Amino acid sequence: METDLNSQDRKDLDKFIKFFALKTVQVIVQSRLGEKICTRSSSSPTGSDWFNLAIKDIPEVTHEAKKALAGQLPAVGRSMCVEISLKTSEGDSMELEIWCLEMNEKCDKEIKVSYTVYNRLSLLLKSLLAITRVTPAYRLSRKQGHEYVILYRIYFGEVQLNGLGEGFQTVRVGTVGTPVGTVTLSCAYRINLAFMSTRQFERTPPIMGIIIDHFVDRPYSSASPMHPCNYRTAGEDGSGTHPSVEDSQEVCTTSFSTSPPTQPAALGVGSADLAYPVVFAAGLNATHPHQPTVPGKEGGGLPFAPSNQPAHGAQADQERLATCMPSDGAHCVATPSSSEDTETVSNSSEGRPSPHDVMETIFVRKVGAFVNKPINQVTLTNLDIPFAMFAPKHLELEDADPMVHPPTSPETGSPLQGSLHSEGSSGGSSGNTHDDFVMIDFKPAFSKDDILPMDLGTFYREFQNPPQLSSLSIDIGAQSMAEDLDSLPEKLAVHERNVREFDAFVETLQ
Amino acid sequence: MNCRSEVLEVSVEGRQVEEAMLAVLHTVLLHRSTGKFHYKKEGTYSIGTVGTQDVDCDFIDFTYVRVSSDELDRALRKVVGEFKDALRNSSGDGLGQMSLEFYQKKKSRWPFSDECILWEVWTVKVHVVALATEQERQICREKVGEKLCEKIINIVEVMNRHEYLPKMPTQSEVDNVFDTGLRDVQPYLYKISFQITDTLGTSVTTTMRRLIKDTLAL
C-alpha cells in the first residue's frame with residue numbers, strides 16, 4: 001500500500017495525520033469547556049496555524065493527546081477516541097459522547113498528499129467545529145456549573161461505545177481519503193439522558209414562560225467557567241504527573257505549566273519541489289517551539305501562566321468575557337470565585353445560624369405563610385403539644401408570633417432554659433413580651449393539682465411565649481453581639497460588592 | 001459541469017428568520033472560505049489563517065460557528081435583513097427562499113461579457129409561522145434549534161462528499177474564483193439572492209439580485 005508513495009509524501013502525510021489528530025482533540029475539548037470560542041482571522045500567514053485554521057492549543061490537552069497516542073498514529077483497529085462525560089456534584093457520572101478518529105483500509109492512491117489531503121483535512125476540521133455545536137452535549141456543557149461538570153478522556157485503541165446507553169446515535173463528521181487509508185471522523189452520542197434527577201438534564205423552560213432577556217448575554221456564558229478535567233478510569237495508568245489529573249468534585253481547574261510543551265525536533269522542510277512549498281513550509285514549521293516569537297497574534301500564545309485559580313478567577317472572567325482575543329488565562333479559570341461569592345452572600349443574608357434561629361425557623365415553617373385560617377388555630381393544632389386544642393382562648397396571639405415554643409431539646413440548653421426559667425415562675429405570670437393579655441387563673445382541662453413540678457398548667461405557662469432572643473439575653477447576647485459586630489466588616493464588604501444588584505432591585509420596585 | 005444544488009427547508013417564527021438564515025449561510029460559508037492568498041514567486045502562494053467564533057442565537061436554542069470576519073458578517077446580515085423585511089411586508093403566506101450561489105467567472109472574448117458559471121447553489125426555503133402563546137414560542141425555540149442542528153449535519157454531509165471545487169487559481173485568475181475584496185478571509189465568489197412567494201405560489205416580480213461586492217462599502 002505504501003509503494004506508490006514516496007518517502008517525502010509519506011512523511012508529510014504522517015505529519016498531517018498526527019497534527020490533525022491533535023487539532024481534532026483540541027476542537028472537541030474546547031467545545032465542551034462551557035464557553036464561546038473565538039479566534040481571530042489573520043490575513044498574513046504566521047506559519048503557526050495548522051490547516052490554516054486558528055485553533056488554539058491548550059497545552060494540557062495536547063499533552064494528554066500525545067500521551068494517549070504514544071507516538072502512534074490512528075490506523076486500522078487503532079482509533080483515537082475522545083470520550084466526553086458528565087459528572088454530577090454528587091459523584092455520579094455518565095458518558096455523553098465518543099468522538100472517534102478512525103482509519104480504514106480504503107486507499108486513494110491518486111490523491112495528492114500535499115495539496116488535496118491537506119485542504120480536505122482543513123475542511124474536515126471546519127466541519128468538526130460546526131458539528132461539535134450541534135450534538136446534545138454542547139448545550140449541556142454550556143450549562144455546566146455547580147450541579148455538574150463535563151469531563152474528557154482520550155484513549156487510543158478500540159472504540160468503546162458501551163457506556164452510551166441504549167439507542168445512541170451517530171453522526172459522521174466526514175472522511176478524507178489518503179494513499180494509506182481513509183480518515184473518518186464521527187461521533188456517537190447518547191440520547192437517553194434519563195439519569196437520577198431529570199431536572200439537571202432536561203431543557204428547563206424559563207420560569208415566567210416569557211423570555212425577556214433576548215438581548216442580554218446568555219446567563220451561562222458569564223457564569224460557567226467550568227472546564228473539563230482529565231478523567232482517568234481505573235484501567236488507565238494513574239501515574240498522571242500532570243497536576244490536573246485529580247478528579248475532584250469541585251470545579252475542574254486546570255493548571256498550565258509555565259514552559260511550552262516540548263515539541264519534536266525540526267520538521268523536514270524539504271518541500272521545495274512541491275507546487276505549494278510555502279504553504280507547507282508554513283504548516284510544517286507550525287509545531288516548532290519558536291512560536292513565542294510570533295508576536296501577539298493570539299494575545300500572547302505560549303507560554304501560559306500557571307493559575308492560582310481563585311485568585312485569577314475574577315480577572316480571567318473578565319478576560320474571557322472580553323472580545324475575541326483568545327487570552328491564555330481564559331481557560332484556566334475556576335468557578336470557585338463565582339461560587340464563593342454566591343455562598344458568602346447567601347450566608348450573610350441568612351445570618352449566622354444559632355440554635356435559636358434554627359428552632360425558630362422550624363417553628364415558623366409549620367405555619368403556612370398565606371394561610372387564611374386564624375393563625376391561632378393553625379399554630380396550636382400544628383404543634384406537637386398535647387391538648388393544644390384545649391388551651392384557653394386568651395392565650396391566643398395575633399399573627400405570626402408563635403404561641404407556644406416547641407419543647408426545647410436538652411442539648412441546646414442554656415439560652416432557652418435561662419430565659420424560660422426567668423419568666424416561668426408558676427402562678428400566673430403575665431406574658432412578658434405580650435401585653436395584650438394577662439393570664440389570671442389558668443386551669444387547663446385534665447390537669448391535676450400541682451404536685452409534680454411540671455404539670456400541664458405550668459407547662460402551658462412556660463411555653464406560651466416565644467423564648468427570648470439569644471442576642472438580647474445578657475450573657476449570650478453580649479457574646480453574639482460581639483461576634484455580630486466582628487462579622488460586620490465582612491458583611492459590609494459583601495454588600496458593597498453587590499451594590500449594583502441591590503440598586504437594580506430597588507429600581508424594579510419603583 | 002453540472003451545478004450542484006442543495007435545498008434546505010425551515011419553518012420558523014417571524015423573529016427567528018434572521019438567525020436561522022444566518023446560521024445556515026454562515027455554516028456554508030465557513031466551509032467555502034479560505035485564508036487570504038499571498039502569492040510569491042514561481043507560482044506559489046501561502047494562505048492566511050481563518051479564525052472562527054461561536055454565535056449564540058437570541059431567539060433559538062442554538063449556537064453556530066462562523067468565520068471571524070466582521071465584513072462578511074455585515075454583508076450577510078444586510079441581505080438577510082432585507083429578506084426578513086420583504087417577508088414581513090409581503091402579503092403572502094410567509095413563504096420565501098434565499099439562495100446562496102457559488103460561481104466562477106469565465107473570461108470571454110470581446111464583445112461578450114464575462115460568464116458566471118455556477119458550481120454550487122444552496123437554497124433555503126423559509127416558512128414563517130405565527131404563534132399565539134408564549135408556551136408555543138418556547139417550544140418553537142427548542143424545535144427550531146433541533147431542526148437547525150439537523151440542517152447543519154446535512155450541510156456538513158454535503159461538504160464532505162468532496163465533489164467538484166474550482167481549481168486553485170494562479171494569481172491572475174484568483175478574482176475569477178475567489179472574492180478577494182475582504183480583508184481577512186477569502187470566500188469563493190458568491191451571490192446571495194432571495195424571493196418571496198406570494199399566495200399563488202409563484203415568484204413575484206420583486207426578485208432581487210445583488211452582488212455582495214456592491215453592497216460592501218469598500
Side-chain angles (χ1 to χ4, degrees), chain A residues 31 35-49 52-55 115-116 119-120 122-124 126-127 129-136 138-139 142 171-177 203 205-206 208-211 213-215 217-218 221 274-279 281-282 297 324, chain B residues 15 26-27 30-40 42-56 58-59 61-65 67-69 72 133-135 137-139 141-142 145-146 148-153 155-157 159-162 165 168 182-186:
Chain A
S31 72
E35 54 196 30
K36 294 202 289 190
I37 304 294
C38 176
T39 56
R40 286 222 303 215
S41 302
S42 164
S43 63
S44 37
T46 59
S48 61
D49 293 314
N52 309 118
L53 282 174
I55 298 172
Y115 164 60
T116 312
N119 286 337
R120 287 186 181 179
S122 177
L123 194 71
L124 188 50
K126 290 173 182 171
S127 298
L129 281 163
I131 296 283
T132 44
R133 274 64 175 169
V134 145
T135 54
Y138 180 71
R139 302 215 75 76
R142 288 293 297 268
V171 60
R172 171 183 278 195
V173 182
T175 62
V176 173
R203 287 178 189 149
M208 303 281 294
I210 295 170
I211 304 158
D213 60 342
H214 293 304
F215 304 101
D217 282 345
R218 303 286 268 209
S221 66
L274 293 176
Y276 305 101
V278 182
V279 175
K297 181 178 85 71
C324 301
Chain B
R15 62 187 185 175
H26 268 304
T27 302
L30 168 70
H31 289 82
R32 293 287 180 247
S33 300
T34 73
K36 297 282 290 180
F37 283 11
H38 296 272
Y39 285 93
K40 321 240 169 200
E42 298 156 12
T44 63
Y45 63 91
S46 60
I47 309 179
T49 301
V50 172
T52 58
Q53 60 187 78
D54 291 335
V55 182
D56 287 333
D58 292 320
F59 301 104
D61 284 347
F62 188 69
T63 302
Y64 62 90
V65 181
V67 165
S68 286
S69 167
L72 186 62
T133 69
E134 267 314 308
Q135 195 176 2
R137 289 199 188 106
Q138 176 58 21
I139 294 172
R141 263 185 88 95
E142 295 172 9
E146 288 167 16
L148 283 178
C149 290
E150 288 173 27
K151 301 304 162 198
I152 301 303
I153 294 175
I155 293 171
V156 162
E157 199 185 351
M159 294 298 180
N160 275 275
R161 285 183 210 152
H162 302 302
L165 279 181
M168 285 299 149
L182 298 176
R183 255 198 328 250
D184 37 18
V185 294
Q186 191 173 285

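As the structure is a computational prediction, the values presented were derived from the model and not from experiment. To find a chain, count down the sequence lines: A is the first, B the second, and so on, and within it residues start at 1.
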**Study point:** When Arg32(B), Lys36(B), His38(B) are compared by non-hydrogen pairs under 4.5 Å with chain A, the top option
**Key:** His38(B)
Exercise for review: Among the options Ser69(B), Gly145(B), Cys149(B), pick out the one with the most heavy-atom pairs lying under 4.5 Å from chain A.
Suggested key: Cys149(B)
Check your understanding: Residues in salt bridge (charged side-chain N to carboxylate O under 4.0 Å, His left out) with Glu157(B), at least two apart?
Key -> none
Exercise for review: Would you mind checking which part of Arg161(B) comes under 4.5 Å of any heavy atom in chain A, side chain (CB onward), backbone (N, CA, C, O), both or neither?
Suggested key: neither
Exercise for review: Can you measure from CD (Gln53(B)) to OG1 (Thr39(A)) and round to the nearest 0.5 angstrom?
Suggested key: 8.0 Å
Exercise for review: Flag the pair His162(B) / Val176(A) as yes when at least one side-chain heavy-atom distance between them is below 4.5 Å, and no otherwise.
Suggested key: yes
Point to revise | Exam field: side chain Ser43(A) to backbone Asp184(B), donor-acceptor pair closer than 3.5 Å | key: no
**Study point:** Straight-line distance of Ile55(A) CD1 to Thr52(B) OG1, nearest 0.5 Å
**Key:** 7.0 Å
Review point. Under the ring-ring contact (aromatic ring centres under 6.0 Å, His included) test, which residues partner Tyr64(B), sequence neighbours left out?
Key: His26(B)
Exercise for review: Apply side chain to side chain contact (heavy atoms under 4.5 Å, CB included) to the pair Leu124(A) and Asn160(B), showing each step before the final yes or no.
Suggested key: CA-CA 7 Å; Leu124(A) 188 50; Asn160(B) 275 275; 3.5 Å; yes
Exercise for review: Please name the pair of heavy atoms, one in Gly51(B) and one in Ser41(A), separated by the smallest distance, quoted to 0.1 Å.
Suggested key: N-OG, 2.9 Å
Review point. Can you tell me how far the OG1 atom of Thr34(B) sits from the CG atom of Leu123(A), to the nearest 0.5 Å?
Key: 11.5 Å
Exercise for review: Compare every heavy atom of Lys126(A) with every heavy atom of Ser33(B), then report the nearest pair and how far apart it is.
Suggested key: O-NZ, 2.5 Å
Review point. Which atoms of Val50(B) come close to chain A, meaning under 4.5 Å heavy atom to heavy atom: side chain ones, backbone ones, both, or neither?
Key: both
Practice item. Write down the atom of Tyr115(A), the atom of Met168(B), and the distance for their closest heavy-atom approach. Key: OH-CG, 2.9 Å
Exercise for review: Grab the two heavy atoms, one from Asn52(A) and one from Gly48(B), that are nearest each other, plus how far apart they are.
Suggested key: CB-O, 3.5 Å
Review point. Could you state the interatomic distance from OG (Ser127(A)) to CG (Leu30(B)), rounded to the nearest 0.5 Å?
Key: 7.5 Å
Review point. Counting only N and O atoms by type, is there a donor-acceptor contact under 3.5 Å from the side chain of Ser42(A) to the main-chain atoms of Thr49(B)?
Key: no
Practice item. Would you mind telling me which of Leu165(B), Val156(B), Val65(B) has the largest number of heavy-atom pairs within less than 4.5 Å of chain A? Key: Val156(B)
Review point. Taking side chain as C-beta onward, heavy atoms only, is Asp56(B) less than 4.5 Å from Arg142(A)?
Key: yes
Review point. Is there a side-chain contact between Val134(A) and Ile153(B), using heavy atoms and a 4.5 Å cut-off?
Key: yes
Check your understanding: Is Lys36(A) reaching over with its side chain to a backbone N or O of Thr63(B), donor-acceptor style, under 3.5 angstrom?
Key -> no
